[in-house]
Amino acid sequence: MHKRNEIQPVAFMAPRYKKAIEVQKVLREQLILKRVAGKISTVAGADVSYDKHGDSFFAGVVVYKLGKQLEKIEEATAHGRIRFPYIPGLLSFREAPILLKAFKKLKNDPDVILFDGQGIAHPRHFGLASHMGLILDRRAIGCAKSRLVGEFRCVKNVVGAYSKLFYQHEAVGAVLRTKVNTNPIFVSPGHKVNLALAIHIALATCRGYRIPEPVRHAHLLVNRVRKEQIK
DNA sequence: GCGACAG
DNA sequence: ATCTTGTCGC
């Protein structure tokens, strides 16, 4: 008997997965869920693309200067072998290594990073954006295309409208309308930001598409690189 | 036992 | 996530 969103009964999981879950529980204690002071002038987006044959993938990061017009100032990619299966709730153990490899090539250190996944809107309040933000010691925000946990009400069909995402009686994120007549996205604080700033940054970096520009371009970048490298 | 389940 | 062309709708 499992409550909704009680993903992966730990008792039946392989030891390495149980260990991963314990790691998340320990690391989440170090998360900073308040807005950290400091100017935000550069924003990065990161994403991963999987090789068709399933044993390798690519990570990409794109850095933008924040302004009226977003100006791309740097991008980096990395290639690596997949060492961990996809298990809802344990995505960071699969994607963090390759993402870190790409971040190491970066010369700039962005003031905030947007990730293609959840922040604290997660069974243990420690999704990909939280994990990466903590490791990189950067502000991080989760921008997912679908729900992992939580309940929410309908979102008005107006850009900027949102409803809070509740999980265990706590607002862990927002279901945000970034484009009319289009499904909303799931924004949640990852690290060193609060929900209000997470929503603000996500909206401020949207340019007419559902996905915030940094993540959208990181997505395009990795897909382009993957298709070229396969040849 | 069934349904839910980021990418 | 990925395999994939056209097609319906704003």
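Note that the coordinates shown come from a computational prediction; the quantities given were computed from them, not determined experimentally. Numbers restart at 1 for each chain; the letters A, B, ... are given by sequence-line order, proteins then strands.
- Nucleotide B:dA6 holds its C1' atom 8 Å from the CG atom of A:D116, rounded to whole Å.
- Side-chain nitrogen and oxygen atoms of A:S146 include none within less than 4.0 Å of the OP1 or OP2 phosphate oxygen of B:dC5.
- Relative orientation of the A:F152 and A:F186 rings is perpendicular, given thresholds of 30° and 60° on the angle between their planes.
- When heavy atoms are screened at a 4.0 angstrom cut-off, A:N223 is found touching the sugar-phosphate backbone but no base atom.
- Clustering ILVMFWY residues whenever any of their side-chain heavy atoms sit less than 4.5 angstrom apart, transitively, puts A:I199 in a cluster other than the one holding A:F115.
- Listed by first residue number, the stems of DNA chain B with at least three Watson-Crick or G-U pairs below 3.5 Å amount to none.
- Heavy-atom contacts of chain A under 4.0 Å fall on DNA chain C between two terminal nucleotides, which in 5' to 3' order are C:dA1 to C:dC10.
- The OH-C1' distance, from A:Y167 to B:dA6, rounds to 13 Å in whole Å.
- Across the interface with DNA chain C, nearest-nucleotide mapping of A:N181 and A:H219 shows A:H219 to be the residue nearer the 5′ end.
- The residue from A:N108, A:D109, A:D111 that alone fulfils the side-chain hydrogen bond (donor to acceptor under 3.5 Å, both in side chains) condition with A:T42 is A:D111.
- A:R16 places a side-chain heavy atom less than 4.5 Å from the side chain of A:P85.
- At least one donor-acceptor pair under 3.5 Å links the side chain of A:R210 to the backbone N or O of A:N183.
- In this structure, CZ of A:F186 is placed 9 Å from P of B:dG7, rounded to the nearest angstrom.
- Ring orientation note: the planes of A:H131 and A:F93 are nearly perpendicular, at an angle over 60° on the 30°/60° scale.
- What separates CD1 of A:I211 from C1' of B:dG7 is a distance of 13 Å, to the nearest Å.
- Each of A:E95 and A:V180 was assigned the nucleotide of DNA chain C with the nearest heavy atom; the assignment lying further toward the 5' end belongs to A:E95.
- With hydrogens and angles left out, the side-chain atoms of A:S49 and A:R226 include a donor and acceptor closer than 3.5 Å.
- Relative orientation of the A:F84 and A:Y17 rings is perpendicular, given thresholds of 30° and 60° on the angle between their planes.
- Closest to the side chain of A:R147, out of B:dA6, B:dG7, B:dC5, is B:dC5.
- For A:Q24 and B:dA6, the CD to C1' distance is 12 Å, given to the nearest whole Å.
- Taking atom CZ on A:F126 and atom P on B:dA6, their separation rounds to 19 Å, with Å as the unit.
- Separating the NZ atom of A:K52 from the P atom of B:dG7 is a distance of 23 Å, rounded to the nearest angstrom.
- Under the salt bridge (charged side-chain N to carboxylate O under 4.0 Å, His left out) criterion, A:K145 pairs with A:D116, sequence neighbours left out.
- Side-chain N/O atoms of A:K145 include one lying less than 4.0 angstrom from OP1 or OP2 on B:dG7.
- The interatomic distance linking A:L128 (CG) with B:dC5 (C1') rounds to 16 Å, in whole Å.
- A:Y50 comes within 4.0 angstrom of the backbone, heavy atoms only, and of no base.
- Hydrophobic clustering of Ile, Leu, Val, Met, Phe, Trp and Tyr side chains at less than 4.5 Å, counting indirect connections, unites A:I98 with A:I135.
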